[in-house]
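Data first, discussion second: the structure below is written as structure tokens.
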Amino acid sequence: MLVERLRSDRVMLRDAGPARSTPKGGRPRRHGGALTFAKPESWHQPEVTTLTDTTRYGTAEAIAWDRMHPMLTHRGPWLDHAQEELPILHGTLAWLKVERLPGDRDPKPVWLWSSATAATGADVDRWWQSFLRRFDLEHTFRLLKQTLGWTAPKIRHADRADLWTWLIIAAHTQLRLARPLAEDLRRPWERPAAARHLTPARVRRGFRNLRPNTTRPAAAPKPSKPGPGRPPGSRNKQRAARHDVGKAVRRAETIKEHQARRG
């Protein structure tokens, strides 16, 4: 199932309905009437209407229309289907309006489209609540990449990349657990936040002050004597990797070739 946000200037189409017999015949219609987002007079009666009380946004009103589809054209991802008849992708169109937004901002309606049909009120509420959680996920990925350096190392092997990902997740977990112990070292343009509501980026600023005072697990024991090594008389079967050192080698080879020609 797919849930995505649509622009407020889009147009969705209804089903064409049952085919009507006409005296002239002809091809039956594939699309019905249009629902223009910017023109409420073009909206027909919705199939689902819900009202939800939230602590962050006040009263959230959601209405949904079933079996709505967009008008596909032979552009973008459908450019290679120029000789084919484009399909009709039915889904559920939802309109969301909240009472207020954090920071005294003007709440504008949000349009969502889901690839599922025959949705209930619980389905529509779950969709827009999941969509709002998308912002938390995006900020988390941004923290992992820009602050914790998730994509900084150039790792060649998949198993090492998985290990590095688990290390980043462990570091993010430590920042979450250390939130009640950290102080709010905020920038001049940032708003004050309570100790238990600090973001991982703010906790990271004061993490150096927490690390000396936290308990550490025991270190791994070190061996008292060196290992046995390779058995006597055996050869190393793992050949060392050879890498091109760059332009210096090619330049030296070119000089040797010129000297050989002159000689």
Exercise: identify the closest heavy-atom pair between Leu143 and Pro200:
CD2-CB, 3.4 Å
If you take all heavy atoms of Thr55 and Arg100, which pair is closest and at what distance?
O-NH2, 3.4 Å
Return the CD to CG distance between Glu183 and Leu185, rounded to the nearest 0.5 Å.
6.0 Å
Would you indicate whether the side-chain heavy atoms of Leu93 and Leu35 approach each other to under 4.5 Å?
yes
Could you list the donor-acceptor pairs under 3.5 angstrom formed between side-chain atoms of residues 117-126 and any protein atom two or more places apart in sequence or on another chain?
from	atom 1	to	atom 2	distance (Å)
Thr120	OG1	Asp123	N	3.4
Thr120	OG1	Asp123	OD2	3.1
Asp123	OD1	Arg126	NH1	3.3
Asp123	OD1	Arg126	NH2	3.0
Asp123	OD2	Thr120	N	3.2
Asp125	OD1	Thr50	OG1	2.9
Asp125	OD1	Trp128	NE1	3.0

Does Gln129, at its CD atom, have more than 12 non-hydrogen atoms belonging to other residues, nucleotides or ligands within less than 6.0 Å?
yes
Do Met12 and Trp113 make a side-chain contact, defined as non-hydrogen atoms from C-beta onward lying under 4.5 Å apart?
yes
Leu13 and Ile88: same hydrophobic cluster, using ILVMFWY side-chain contacts below 4.5 Å?
no
Can you tell me how far apart CD1 (Ile169) and OG1 (Thr140) are? Round to the nearest 0.5 Å.
11.0 Å
Minimum heavy-atom distance Glu138-Arg134, with the two atoms named
OE2-NH1, 2.6 Å
In terms of heavy-atom contacts, Pro46 and Ala64 come closest through CB-O, 3.3 Å
Are Trp111 and Arg5 packed together at the side-chain level, in the sense that at least one heavy-atom pair is separated by less than 4.5 angstrom?
no
Just wondering, do Pro70 and Arg10 contact through their side chains at under 4.5 Å, heavy atoms?
yes
Looking at Ala116, is its backbone amide N or carbonyl O close enough to the side chain of Thr92 to form a donor-acceptor pair, meaning the two atoms are under 3.5 Å apart?
yes
Might you confirm whether atom CZ of Arg160 has over 12 heavy atoms from other residues, nucleotides or ligands at distances under 6.0 Å?
no
Assess the side chains of His90 and Asp66: does a donor N or O sit below 3.5 Å from an acceptor N or O?
no
Joint hydrophobic cluster, Phe37 plus Val3, side-chain heavy atoms closer than 4.5 Å
no
Flag yes if more than 12 heavy atoms outside Lys145 fall under 6.0 Å of its NZ atom; otherwise flag no.
no
Minimum side-chain heavy-atom gap Pro87-Leu72 below 4.5 Å
yes
Quick check: do Arg30 and Glu85 have side-chain heavy atoms less than 4.5 Å from each other?
yes
Let me confirm one number: the OG-CG distance from Ser115 to Leu89, rounded to the nearest 0.5 Å.
9.0 Å
Taking all heavy atoms of Asp184 and all of Ala193, pick out the closest pair and write down the distance.
OD2-N, 3.2 Å
Pairwise distance CD(Glu41) to NE2(His44) - rounded to 0.5 angstrom
14.5 Å
Count I, L, V, M, F, W, Y as connected when their side-chain heavy atoms are under 4.5 Å apart, and connections chain through other members. Are Phe131 and Val98 then in the same cluster?
yes
Using the benzene-type ring in the case of Trp, are the ring centres of Trp65 and Trp43 under 6.0 Å apart?
yes
Do Glu99 side-chain atoms and Thr59 backbone N/O form a donor-acceptor pair below 3.5 Å?
yes
Say you draw a straight line from CZ of Arg230 to NZ of Lys237; how long is it, rounded to the nearest 0.5 Å?
11.0 Å
Between Thr52 and Thr54, does the side-chain contact (heavy atoms from CB on, under 4.5 Å) criterion hold? Intermediate values first, please.
CA-CA 6 Å; Thr52 307; Thr54 63; 4.3 Å; yes
Would Leu144 and His172 count as a side-chain contact (heavy atoms from CB on, under 4.5 Å) if you check the C-alpha gap in whole Å, the side-chain angles of each, and the deciding distance to 0.1 Å?
CA-CA 8 Å; Leu144 298 181; His172 182 266; 4.1 Å; yes
Report the C-alpha separation of Trp150 and Thr165 in whole Å, then their side-chain angles, then the decisive distance to 0.1 Å, and conclude whether the side chain to side chain donor-acceptor pair (under 3.5 Å) test is met.
CA-CA 7 Å; Trp150 185 20; Thr165 301; 3.2 Å; yes
Output yes when a side-chain donor or acceptor of Thr36 lies under 3.5 Å from a complementary backbone atom of Lys39, and no otherwise.
no
Look at the side-chain heavy atoms of Ile, Leu, Val, Met, Phe, Trp and Tyr, link any pair under 4.5 Å apart, and say whether Leu167 and Leu148 land in one connected group.
yes
Please answer: with hydrophobic residues joined when any side-chain heavy atoms are less than 4.5 Å apart, are Leu112 and Ile63 in the same cluster?
no
Mind listing the closest non-hydrogen atom pair of Leu132 and Phe135 along with its distance?
O-CD1, 3.3 Å
Crowding at CZ, Arg202 (>12 non-hydrogen neighbours, <6.0 Å)
yes
So CG of Asp136 and CZ of Phe141: to nearest 0.5 Å the spacing works out to 12.0 Å
Beyond-backbone contact of Val11 with Met71, side-chain heavy atoms, under 4.5 angstrom
no
Could you check whether any side-chain heavy atom of Asp15 comes within less than 4.5 Å of a side-chain heavy atom of His69, counting everything from C-beta outward?
yes
